[in-house]
Amino acid sequence: MPVLYETVSGGGVFFKLSSANLTVYDPESDMVRGIRYCPQEHSVYKDEQSAGSLVGHVVFRNKMLLVQRDKPNLIKYLDLHPGNADNGGSQFRKVESEKNTEKEVEQEFLINDAVSIVKSRPIDELLPMAMSLNIDTNQSNIEIKRELVLQAKKNPQKFLDTLNNPLVNARSAVMQSFDFNILKNTGGAIVWHDTGKMIVAVPVGQSHIEVLTRFVMTDQGASVLSEIERQLEAMA
């Protein structure tokens with residue numbers, strides 16, 4: 001396959017790459033060596049070229065330069081050139097079409113996975129994620145799902161990471177525990193629904209969901225979360 005290079009900025013219709021007094025570090029010889037592109041030479045290093053070598057011009061047209069594989073010395077020259085972005089330059093870069101395509105495909109897969117989760121899961125399981133993403137949950141279910149889809153498309157990796165966040169999963173279990181009468185909020189405390197024994201006090205003005213979620217994420221409250229999850233599984 002040919003190798004494609006493109007100018008990073010500027011260049012216009014016709015851009016001639018500078019070739020005067022270029023030096024690069026050669027790790028094999030542990031030396032700084034001069035390079036130049038000479039079409040008839042096998043090497044790009046000046047000290048390996050003949051005295052009468054003719055220097056070739058390297059020209060980008062419409063910001064692009066396509067180099068065929070039968071010009072390995074030109075590819076080598078461009079890969080070593082100080083102006084190459086891979087070497088810290090700002091003049092041009094290699095277009096990694098295969099890698100870019102792979103990244104695009106992976107991104108599409110991530111988006112598909114994230115959107116599928118929004119589509120398949122009930123709203124109760126999605127609410128903790130919505131809150132973690134700062135989505136207003138005082139909306140209709142379809143509006144919440146719409147905003148979740150937008151978040152999933154915008155940054156699918158962050159969306160999936162949020163889904164797998166232990167805090168989000170804990171909040172989901174806590175919310176369901178009240179819906180299924182495992183726990184009860186008395187106004188000033190959270191208690192077990194069946195025994196009435198207090199689990200944790202709820203300070204005035206704070207959300208009982210958030211208070212309990214923070215509590216079950218501590219060592220002291222870990223056993224409470226385990227019991228909530230056990231009872232939820234038993235109801236499934």
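Starting from 1, each residue takes its place in the sequence as its number. Both backbone and side-chain heavy atoms feed into the values below; hydrogens, waters and symmetry mates do not.
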task = Look at Lys94 together with Asp86 and state whether they make a salt bridge at an N to O cut-off of under 4.0 Å.
result = no

request  = Please step through side chain to side chain contact (heavy atoms under 4.5 Å, CB included) for the pair Arg33 and Lys46, ending with a clear verdict.
outcome  = CA-CA 8 Å; Arg33 305 171 68 184; Lys46 288 183 181 180; over 6 Å; no

Is a donor from one side chain sitting under 3.5 angstrom from an acceptor on the other, for [X] and [Y]?
X	Y	result
Glu143	Ser140	yes
Glu227	Gln231	yes
Gln157	Asp161	yes
Asp26	Ser29	yes

request  = Take Glu41 and Arg36 through the salt bridge (Lys or Arg N to Asp or Glu O under 4.0 Å) test and state the conclusion after the steps.
outcome  = CA-CA 10 Å; Glu41 296 286 344; Arg36 62 183 179 182; over 6 Å; no

Quick check: does any side chain N or O of [X] sit under 3.5 Å from a backbone N or O of [Y], one acting as donor and the other as acceptor?
X	Y	answer
Thr162	Lys158	yes
Asn141	Ile123	no
Asn87	Gly89	no
Ser116	Asn112	yes
Lys145	Val118	yes
Asn181	His193	no
Ser177	Val174	yes

Flag side-chain contact, heavy atom, 4.5 Å: [X] against [Y]:
X	Y	result
Phe14	Arg61	yes
Pro156	Ile111	yes
Tyr5	Leu66	no
Gln40	Ser53	no
Trp192	Val224	yes
Glu6	Leu65	no
Met129	Phe159	yes
Pro203	Val211	yes

Heavy-atom pair of closest approach, residues [X] and [Y]:
X	Y	answer
Pro39	Asn73	O-ND2, 3.4 Å
Leu232	Ala173	CD1-O, 3.8 Å
Ile35	Val24	CG2-CG2, 3.7 Å
Thr137	Ala130	CG2-CB, 4.1 Å
Thr218	Phe215	OG1-O, 2.5 Å
Ile75	Gln68	CD1-O, 3.9 Å

inquiry  = Considering only residues two or more places apart or on different chains, which pairs with a residue in residues 110-147 satisfy ring-ring contact (aromatic ring centres under 6.0 Å, His included)?
reply    = none

Cluster link [X] to [Y], ILVMFWY, side chain under 4.5 Å:
X	Y	value
Val44	Leu54	no
Val191	Leu212	no
Leu126	Phe180	yes
Leu127	Ile142	no

Side chain to side chain donor-acceptor pair (under 3.5 Å) evaluation trace for Ser226 with Ser223 = CA-CA 5 Å; Ser226 295; Ser223 60; over 6 Å; no

task = Look up atom CD in Glu147 and atom CG in Asp136, then write down how far apart they are to the nearest 0.5 Å.
result = 7.0 Å

task = Compute the ring centroids of His81 and Tyr37, then answer whether they are less than 6.0 Å apart.
result = no

Candidate pair Val115 and Lys153, rule side chain to side chain contact (heavy atoms under 4.5 Å, CB included), full reasoning = CA-CA 7 Å; Val115 172; Lys153 290 181 176 180; 4.1 Å; yes

task = Tell me, yes or no, whether the heavy-atom count around Phe109 atom CZ, taken from other residues, nucleotides or ligands under 6.0 Å, exceeds 12.
result = no

key: Over 12 non-hydrogen atoms of neighbours within 6.0 angstrom of CG in Asn21   = no

remark   = Residues passing the side-chain hydrogen bond (donor to acceptor under 3.5 Å, both in side chains) test with Gln91, sequence neighbours excluded, are none

key: Parallel, tilted or perpendicular: ring planes of Phe60 versus Phe92, cut at 30 and 60 degrees   = tilted

inquiry  = Could you walk me through whether Leu17 and Leu78 satisfy the side chain to side chain contact (heavy atoms under 4.5 Å, CB included) test, starting with their C-alpha distance in whole Å, then the side-chain angles of each, then the deciding distance to 0.1 Å, before giving a yes or no?
reply    = CA-CA 10 Å; Leu17 189 63; Leu78 290 168; 3.7 Å; yes

ask   = Given Arg214 and Gln206, is the side chain to side chain donor-acceptor pair (under 3.5 Å) satisfied, shown in steps?
value = CA-CA 12 Å; Arg214 290 194 298 269; Gln206 292 196 22; 2.8 Å; yes

